[in-house]
Amino acid sequence: MSRYPFPAVPDGWFAVAASEDLVTGEVTTLHYLDRELVAFRGEDGGARVFDAHCPHLGAHLGVGGRVCGDGIVCPFHGWRFDGDGLLAEVPRLDRRPPRVSAGTWPVCELNGRLFVWHHAGGAPPAYALPHYRSEGAWTPWRVDTYRVRVHVQELTENIIDRSHFYAVHDMVPPDDDVFEVTFTDHVMTVDQNIKVTALADTGYEVRTRTTVCGPGAVAVEVREGSLDMLTYITQTPVDAEISEITICFSMAALEDAAFTASVAELNAKVTNLQFTQDVPLWENKIYRDRPRLTAVDGPIAAYRRWFDRFYSAPGAS
Ligand code: FES
Ligand SMILES: [Fe+2]
């Protein structure tokens, strides 16, 4: 029986690779979204994601398949698919190949990552992901990746689960108690002050803006004086049990490179500490469909109503 009363894979954009890992001409096998996929970068530089198995007799395109032009050639009988996934050539066939398509996935590449669009009903992308780090000098992404036994819906519920901050994380209530949550279409925005005690007992209070864009991408921005820091988190269902979470950090480079590096290091330490503090709770909890909430809880019911929009096919994945 499923651990959750909703599909394993919501509708939305999900990161499946780092851009730098997709080398032109190489085929990579991916297992995400509860299925087998292949990704490759064609000779035009564009990234593509196809179903792993050939529509002909089912060979795995990631096992011996090779990039040809913008497309890929199957290792079994040499069918060649173009960059749009259409069958372009059947070796030795002296007529036009039949109208056959490899299973293709809409992709977008931004913020250093490759995303695929999943929709249970096969609908085209319903929103775009925001672009970050487009101007100014930013530090290179620092990347930490985790695999956790939890559904992605639970991961972002954590952001508005106010009362766990003080029980699980090294935080105390902020002096200026800002906590504003808004839901607009596919975006949840949380403006809040947090006071972190992980580095000093007296606490360090900062204003944060967290933007959750669909079920697969989260940006946490902190701007404080000359500091401009971005924690960019992608979360992708691997299968019905496991999610992969990638925490990327980048900040506007300050004049003092050593100081920049130390701030980045401290931030990474706190972010990763906070993340790992949640892991045992996520991996062992059950999902309560009708929780008894109190006034100190965050807007959990509103969050769940909002997240429901990402399930076009309840009970399916
Ligand atoms: S299985 Fe792919 S060409 Fe035959
Ligand atoms: Fe948490």
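Start at 1 with the first residue, then count along the sequence. What you see is a predicted model; the values in this text were computed from it and never measured. All ligand and atom numbering here is 1-based and tracks the order in the structure. In what follows, every heavy atom counts, from backbone to side chain, and hydrogens, waters and symmetry copies are set aside.
Closest approach between the Fe ion (ligand 2) and any N/O/S atom of H169 involves NE2. Looking at D278, its N, O or S atom nearest to the Fe ion (ligand 2) turns out to be OD2. Looking only at N/O/S atoms, H164 comes nearest to the Fe ion (ligand 2) through NE2.
With 3.5 Å as the limit, one finds no donor-acceptor pair spanning the side chains of N111 and Y132. In this structure, a donor-acceptor pair under 3.5 Å is present between the side chains of Y303 and T156. Donor-acceptor pairing under 3.5 Å is lacking for the side chains of W117 and D11.
The ligand atoms of ligand 1 that sit less than 4.0 angstrom from a heavy atom of W79 are 3 (S). Those atoms of ligand 1 that come under 4.0 Å of a heavy atom in A59, given as number and element, are 1 (S). Remark: ligand 1 atoms within the under-4.0 Å shell around heavy atoms of F76 are 1 (S), 4 (Fe). The distance from ligand 1 to the heavy atoms of G58 drops below 4.0 Å at these ligand atoms: 1 (S).
Between H151 and F6, the ring planes lie perpendicular to each other; the angle is over 60°, past the 30° to 60° tilted range. The aromatic rings of F310 and W306 lie perpendicular to each other, with more than 60° between the two planes, well past the 30° mark.
The closest protein non-hydrogen atom to atom 1 (S) of ligand 1 is L57 N, 3.2 Å.
The angle subtended at atom 2 (Fe) of ligand 1 by SG of C54 and SG of C74 is 110°, given to the nearest 10°. Between ND1 of H77 and ND1 of H56, the angle at atom 4 (Fe) of ligand 1 works out to 90°, rounded to 10 degrees.
Shown here is D201, whose CG atom has no more than 12 heavy atoms of other residues, nucleotides or ligands within 6.0 Å.
Judged purely by atom type and a 3.5 angstrom limit, Q235 uses its side chain to pair as donor or acceptor with the backbone of P215.
Put simply, Q277 stays out of reach of the Fe ion (ligand 2), with no N, O or S atom under 2.8 Å from it.
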**Request:** Carefully, step by step, assess E221 and R209 under the rule salt bridge (charged side-chain N to carboxylate O under 4.0 Å, His left out).
**Result:** CA-CA 5 Å; E221 295 168 278; R209 163 164 283 198; 5.8 Å; no
